[in-house]
Amino acid sequence: NNKNISHFIMEDIYKIEKRPKVEEYSNCIFFKVQSLLPEKDKEHLNKESVSFVLGDNFLITTQEQKSGHFNGVRDRIENKKGKLCSKGADYLLFRLLDAIIDNYFEVLESNIKSINNIEKRLAKADSSILREIETEKRKIMELKKIVFLIKDVTSHIERLNSKFIKKENIYYFSELKDECLMILDEIDASMQMLDGLSNLFYAIQGQRMNEIMKMLTLVSTIF
């Protein structure tokens, strides 16, 4: 019943909020995170906000667009698989956040494939490949910001002393935080690889220039 949900929450759901926040109310907990959808183009991440309202034995989620983030969770509920039907709304919240974080892993894997493709073409590429490197850097940095924010949310939930989060389920939110840290480590490694590719490209170009200069010097000497 939306009469039991604060009008501040209703406003926040529709507000364009860049930074996720966790807010506690007498009858619920509210927060928003950013999820990632399949890319519309190769230069930008396709983001959307997902809002969560967790209360006493209920969980409400809202999305900006249709997506398949939670198909696996929905299937488990409909077919009564696993613990979802017995461990409460806070465990369901964990499973939904876990699905979003799994999607981050998929986006990161896609970026790593693009980086590996750049590496294979680097030796014979022209300066246009630098634009590809910068595009991947921008996407990786954007992903890093999104992961940092959801890590902060999971850390906040983990520290909450709330009646809406069972003590035996707090462990699961700690797991989510660890998953975020793993992604951040992979992101840092990818950024280092991209920086290395930029440096390698300039080194290859410098070597080519040296070879051209040697050839020109040889030709001028002959003349």
Side-chain angles (χ1 to χ4, degrees), residues 18-20 31-52 61 63-77 81-82 84 91-125 128-155 157-158 171-201:
K18 292 183 178 179
R19 184 172 183 84
F31 64 92
K32 295 173 75 170
V33 298
Q34 285 189 318
S35 64
L36 294 173
L37 301 167
E39 295 178 13
K40 292 180 178 178
D41 58 66
K42 292 184 178 181
E43 297 197 0
H44 301 91
L45 296 179
N46 187 12
K47 301 176 291 185
E48 72 158 344
S49 291
V50 182
S51 300
F52 295 89
T61 66
Q63 296 174 247
E64 294 178 338
Q65 306 175 48
K66 281 187 175 182
S67 66
H69 296 322
F70 308 133
N71 286 345
V73 178
R74 189 178 294 110
D75 176 68
R76 285 175 173 273
I77 293 173
K81 298 177 182 177
L84 270 174
Y91 183 77
L92 174 59
L93 172 62
F94 154 71
R95 296 300 308 183
L96 295 181
L97 290 176
D98 188 44
I100 290 176
I101 293 172
D102 282 346
N103 191 244
Y104 295 165
F105 275 109
E106 291 179 14
V107 171
L108 180 58
E109 286 175 5
S110 176
N111 288 342
I112 290 173
K113 286 180 182 178
S114 297
I115 294 170
N116 290 336
N117 180 262
I118 291 172
E119 184 181 23
K120 290 176 182 177
R121 295 184 289 114
L122 193 68
K124 298 179 180 179
S128 64
I129 204 165
L130 289 174
R131 187 173 184 275
E132 294 183 45
I133 292 173
E134 289 305 313
T135 296
E136 292 304 320
K137 279 186 180 181
R138 184 173 65 250
K139 287 161 65 177
I140 287 286
M141 287 303 298
E142 199 171 2
L143 177 60
K144 185 173 184 177
K145 290 178 183 177
I146 293 171
V147 177
F148 255 121
L149 295 175
I150 199 169
K151 180 185 74 68
D152 289 345
V153 166
T154 56
S155 295
I157 294 173
E158 183 188 11
Y171 164 79
Y172 295 111
F173 295 95
S174 178
E175 278 190 345
L176 294 180
K177 184 182 68 175
D178 291 342
E179 286 182 21
C180 289
L181 292 172
M182 287 174 58
I183 297 175
L184 291 171
D185 286 342
E186 289 290 335
I187 287 173
D188 288 340
S190 296
M191 282 299 296
Q192 289 177 12
M193 188 171 182
L194 287 167
D195 287 337
L197 290 177
S198 295
N199 294 334
L200 181 57
F201 174 80

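Nothing here was measured: the structure is a model prediction, and the numbers come from that model. Any value given below was found using the heavy atoms of this structure, including those in side chains, with hydrogens, waters and symmetry copies removed.
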- Message: Does atom CZ (R121) have a neighbourhood of more than 12 heavy atoms from anything else shown, all under 6.0 Å?
- Response: yes

Between [X] and [Y], which heavy-atom pair has the shortest distance, and what is it?
{"X": "K139", "Y": "L45", "answer": "O-CD1, 3.5 Å"}
{"X": "Q34", "Y": "I146", "answer": "OE1-CG1, 3.5 Å"}
{"X": "E64", "Y": "E48", "answer": "N-OE1, 3.1 Å"}

- Message: Using side chain to side chain contact (heavy atoms under 4.5 Å, CB included), reason through I129 and L197 one step at a time and then give a plain yes or no.
- Response: CA-CA 10 Å; I129 204 165; L197 290 177; over 6 Å; no

- For the pair Y104 and I101, evaluate side chain to side chain contact (heavy atoms under 4.5 Å, CB included) and give the outcome as yes or no after the intermediate values. CA-CA 5 Å; Y104 295 165; I101 293 172; 4.3 Å; yes

- Message: Holding to salt bridge (Lys or Arg N to Asp or Glu O under 4.0 Å), I want the full list of residues that pass it with K47, two or more places apart in sequence or in another chain.
- Response: E142

- Message: I'd like to check the salt bridge (Lys or Arg N to Asp or Glu O under 4.0 Å) partners of K151; sequence neighbours left out, ordered by chain and number.
- Response: none

With side chains defined as the heavy atoms from C-beta onward, is the minimum distance between [X] and [Y] less than 4.5 Å?
{"X": "V33", "Y": "L149", "value": "no"}
{"X": "L108", "Y": "I140", "value": "yes"}
{"X": "S190", "Y": "N111", "value": "no"}
{"X": "K32", "Y": "V153", "value": "no"}

- Check the pair S198 / K137 against side chain to side chain contact (heavy atoms under 4.5 Å, CB included), numbers first and verdict last. CA-CA 11 Å; S198 295; K137 279 186 180 181; 4.0 Å; yes

Rounded at 0.5 Å granularity, tell me how far [atom1] in [X] sits from [atom2] in [Y].
{"X": "L97", "Y": "F94", "atom1": "CG", "atom2": "CZ", "answer": "9.0 Å"}
{"X": "R95", "Y": "Y91", "atom1": "CZ", "atom2": "OH", "answer": "4.5 Å"}
{"X": "K144", "Y": "M191", "atom1": "NZ", "atom2": "CE", "answer": "7.5 Å"}
{"X": "N117", "Y": "L122", "atom1": "CG", "atom2": "CG", "answer": "11.0 Å"}

I'd like a table of donor-acceptor pairs (distance under 3.5 Å, sequence neighbours excluded) in which one partner is a side-chain atom from residues 172-187, with atom names and distances.
residue	atom	partner	partner atom	Å
S174	OG	E158	OE2	3.3
E175	OE2	Y171	OH	2.9
K177	NZ	E158	OE1	3.2

- Take the angle between the ring planes of F52 and F70 and call it parallel below 30°, perpendicular above 60°, tilted in between. perpendicular

- Message: Using only atom types and a distance under 3.5 Å, with no angle test, would you say the side chain of S114 pairs donor to acceptor with the backbone of S110?
- Response: yes

- Message: Please check: side-chain N/O of E136 versus main-chain N/O of I115, any donor-acceptor pairing under 3.5 Å?
- Response: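 Not at all, since once roles are kept as given, no pair shorter than 3.5 Å links the two residues.
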
